[in-house]
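Read through the structure below, which is laid out as structure tokens, and then see the notes.
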Amino acid sequence: VKLQNLTGTQNILIQKSSFVYCRSYCIDITNINNAVIQNNVFYNARVKHVRGAKLNNFIFANNLLVSATYRPSLFGK
């Protein structure tokens, strides 16, 4: 899920969901207001489960994050 530039919207609510085998960030949020992410399960993401920047009035609570792994390298590092 990618959310960006939603500063003029009402409330954003993501709850009681599951995010499984994300090949990038499961949730990538930038420049938003009034968002709640709660009671979710994130499993087996690459790099990180959630990335956020420029957040205002943001709640991230009661989420379960399991098994974030590095991306495989093309150069064997």
Side-chain angles (χ1 to χ4, degrees):
V1 175
K2 186 167 189 146
L3 303 169
Q4 57 186 157
N5 301 321
L6 299 173
T7 57
T9 61
Q10 294 293 322
N11 296 324
I12 298 166
L13 176 62
I14 299 173
Q15 68 177 0
K16 299 179 183 175
S17 299
S18 60
F19 299 86
V20 181
Y21 302 112
C22 304
R23 293 296 161 223
S24 184
Y25 301 99
C26 295
I27 297 180
D28 188 3
I29 45 182
T30 305
N31 196 26
I32 64 169
N33 291 337
N34 305 321
V36 176
I37 298 174
Q38 66 182 8
N39 301 319
N40 299 291
V41 175
F42 299 88
Y43 178 74
N44 196 8
R46 292 284 173 103
V47 184
K48 296 179 182 170
H49 295 285
V50 178
R51 177 172 72 169
K54 298 180 184 177
L55 308 176
N56 185 31
N57 194 23
F58 177 72
I59 298 172
F60 186 84
N62 299 322
N63 296 290
L64 176 64
L65 291 77
V66 180
S67 182
T69 59
Y70 287 108
R71 290 183 180 169
S73 172
L74 296 176
F75 303 106
K77 292 182 181 179

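Atom set for the values below is all heavy atoms of this structure, side chains included, hydrogens, waters and symmetry mates excluded.
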Heavy-atom closest pair, residues Val50 and Tyr25: C-CD2, 4.5 Å
Acceptor/donor pairs from residues 55-68 side chains to any protein atom, 3.5 angstrom cut, sequence neighbours excluded:
| unit_1 | atom_1 | unit_2 | atom_2 | d |
| --- | --- | --- | --- | --- |
| Asn56 | ND2 | Asn33 | OD1 | 3.4 |
| Asn57 | ND2 | Asn34 | OD1 | 2.6 |
| Asn63 | OD1 | Asn39 | N | 3.4 |
| Asn63 | OD1 | Asn40 | N | 3.0 |
| Asn63 | OD1 | Asn40 | ND2 | 3.1 |
| Asn63 | ND2 | Ile37 | O | 3.1 |
| Asn63 | ND2 | Ala61 | O | 3.1 |

Pairs satisfying salt bridge (charged side-chain N to carboxylate O under 4.0 Å, His left out), at least one member in residues 51-67, at least two apart: Asp28-Arg51
Parallel, tilted or perpendicular: rings of Phe42 and Phe19 (30°, 60°): parallel
Nearest heavy-atom neighbours spanning Ala45 and Ser24: CB-O, 4.2 Å
